[in-house]
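Worksheet: the structure to be examined is printed underneath.
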Amino acid sequence: MSDRIKSVLDQDTFSKTDLVTLLSADEELRKLVFAKAEEVKNLFVGNKVYYRGLIEFSNLCGKNCYYCGIRAGNKNAHRYEVTEQEVLDAARYAYENQFGSLVIQAGERSGVQYVKRIERLIKMIKQMSNGELGITLSLGEQSEETYRRWFEAGAHRYLLRIEVSNPDLYPKYHPNNKAHDYNERLEALYRLRKVGYQVGTGVMIGLPFQTVEDLADDLLFFQKHDIDMVGMGPYIEHENTPMYEHRHLLLPKTERFYLSLKMVAVLRILMKDINIAATTAMQAIDPVGREKAIKVGANIIMPNLTPTKYRDDYLLYEDKPCTDEDAEECKRCLEARIHMAGGEIGYGEWGDSKHFKNRTGKP
Ligand code: 5AD
Ligand code: SF4
Ligand code: FES
């Protein structure tokens, strides 16, 4: 087996079977995969880690994904929306601390007023920072017109996870209706690209019913769609969701974590110049999960800037870290952690996806 892994790691292209082999590496053999990923990372994107200060703008959501703690159907969730002033304060903090970029994330909503409110916020952040803060949005499926308005207001990257790339699996995790349609989500990814965003997507890892073959297909999906950025992490159960009843099918959390880490490493080997996030969910299982992800290929991290009083309410899954800490504590904590992982923080830089530059020729 060790010879097989070594020979796959020496290849330039990878079949689904190759990816399954790498993702199935055991405790001993996965070290080979991690070492290769580290080498590829240092060669193609270097050891810089870029910050995206995270504002969890609101947990209001019109959708009902079966796995998510802030789904519309969870009547136990206490709903909030961060005020304009609080968003601007967080943005100012990011700007003054040289974070380079922000991510604005929220449940999925639509409506003229909402679209306008976001547009206004983007413009205000741009203005406050003399155009220097980069803005990534993670606000779900929207019309081309909405995507264009937000883009023209100044956002230039967008994250929309496909969640699972296999259309046959998609209905297992989502209600069967137009608001949760696989093809509609895929179309939204095309729209984002057409409008001109750097496009990010991602999946959850270790879901019930999901196999290693499905995960290999997820990686091939990212490659086929020539994605610029990926954020993915382990699925973590949440009591007040329909998915909870399938928890007996789950891998133990540590195994889910290592499967996620292998996904990050194999993705780095497969798509050498993209941006990959060390996601918060990695940290929910392993106290140094994000650092481990950075070591094996991730180069983006999202320090939480959501005002502390709201953090407990943006609970997508159990054991979410950083709910008691404020922006300053997370900043200090992360800085130390990244240095320990051998990374260097790209202060004051956007840290755009090199892949985007390579595919578009734009600076
Ligand atoms: N476990 C892990 N990730 C989750 N997300 C939602 N619910 C969960 C969960 N239970 C992720 C989804 C979504 C992102 C905002 O959070 O992938 O796109
Ligand atoms: Fe809403 Fe996103 Fe949660 Fe689905 S995953 S319920 S769209 S916040
Ligand atoms: Fe938030 Fe460590 S990053 S407490």
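Values below: every heavy atom of this structure, side chains too, minus hydrogens, waters and symmetry copies. Counting starts at 1 for both ligands and their atoms, in listed order.
In terms of modelled atom types and a separation under 3.5 Å, the side chain of Arg185 and the main chain of Tyr182 share no donor-acceptor contact.
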Go through the steps for Val164 and Val203 under the test side chain to side chain contact (heavy atoms under 4.5 Å, CB included), then give the verdict. CA-CA 5 Å; Val164 277; Val203 293; 5.6 Å; no
Does the side chain to side chain contact (heavy atoms under 4.5 Å, CB included) test come out yes or no for Arg268 and Glu39, once each step is laid out? CA-CA 10 Å; Arg268 176 55 73 200; Glu39 187 187 309; over 6 Å; no
Kindly indicate, with the supporting measurements, whether the criterion side chain to side chain contact (heavy atoms under 4.5 Å, CB included) is fulfilled by Glu27 and Tyr258. CA-CA 9 Å; Glu27 213 173 318; Tyr258 277 102; over 6 Å; no
Apply side chain to side chain contact (heavy atoms under 4.5 Å, CB included) to the pair Leu219 and Met263, showing each step before the final yes or no. CA-CA 8 Å; Leu219 295 173; Met263 281 288 279; 3.8 Å; yes
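The shortest N or O to N or O distance between Tyr314 and ligand 1 is not under 3.5 Å. Between Tyr67 and ligand 1, a contact under 3.5 Å exists for at least one N or O pair.
Ranking the protein heavy atoms by distance from atom 4 (Fe) of ligand 2 puts Cys65 SG, 2.3 Å first. In terms of protein heavy atoms, atom 16 (O) of ligand 1 is closest to Leu316 CD1, 3.4 Å. Taking atom 11 (C) of ligand 1 as the reference point, the nearest protein heavy-atom neighbour is Arg161 NH1, 3.6 Å. The protein non-hydrogen atom at the shortest distance from atom 10 (N) of ligand 1 is Ile236 O, 2.7 Å. Shortest contact from atom 1 (Fe) of ligand 2 to any protein heavy atom: Cys61 SG, 2.2 Å. The nearest protein atom to atom 5 (N) of ligand 1, hydrogens excluded, is given as Met204 SD, 3.9 Å; this is a heavy-atom distance. Taking atom 4 (S) of ligand 3 as the reference point, the nearest protein heavy-atom neighbour is Glu325 CG, 3.4 Å. Of the protein's non-hydrogen atoms, Cys333 SG, 2.2 Å is the one closest to atom 2 (Fe) of ligand 3. The nearest protein atom to atom 12 (C) of ligand 1, hydrogens excluded, is given as Glu163 OE1, 3.3 Å; this is a heavy-atom distance. Protein heavy atom closest to atom 2 (C) of ligand 1, with residue, atom name and distance, is Pro234 O, 3.3 Å.
The distance from atom 3 (Fe) of ligand 2 to the nearest N/O/S atom of Cys68 is under 2.8 Å.
Side-chain contact between Arg193 and Asp226 is present, with heavy atoms from C-beta onward closer than 4.5 Å.
Shown in contact with Tyr235 at under 4.0 Å from a heavy atom are these atoms of ligand 1, numbered in order with element: 1 (N), 2 (C), 9 (C), 10 (N). Below 4.0 Å from some heavy atom of Arg337 lie the following atoms of ligand 3, by number and element: 2 (Fe). If you number the atoms of ligand 2 from 1 as listed, the ones under 4.0 Å from a heavy atom of Tyr67 come out as 5 (S). Of all atoms in ligand 3, listed by their number and element, those nearer than 4.0 Å to a heavy atom of Leu334 are 3 (S). Less than 4.0 angstrom separates some heavy atom of Gly107 from each of these atoms of ligand 2: 8 (S). Close approach of ligand 3 to Cys322 is summarised as follows: ligand atoms under 4.0 Å from at least one heavy atom of the residue are 1 (Fe), 3 (S), 4 (S).
Nearest-heavy-atom check against atom 8 (S) of ligand 2 across Ile70, Leu60, Asn74 picks out Ile70.
Using a 4.0 Å cut-off between heavy atoms, Arg290 contacts ligand 3 through its side chain alone, with no backbone atom that close. By the criterion of a heavy-atom distance under 4.0 Å, neither the backbone nor the side chain of Glu329 is placed next to ligand 3. For Ala281, no heavy-atom contact with ligand 1 is shorter than 4.0 Å.
Salt-bridge formation is detected for the pair Glu86/Lys309: a Lys NZ or Arg NE/NH1/NH2 atom is positioned less than 4.0 Å from an Asp or Glu carboxylate oxygen. In this structure, Glu56 does not pair ionically with Arg311, as no charged nitrogen and carboxylate oxygen lie closer than 4.0 Å.
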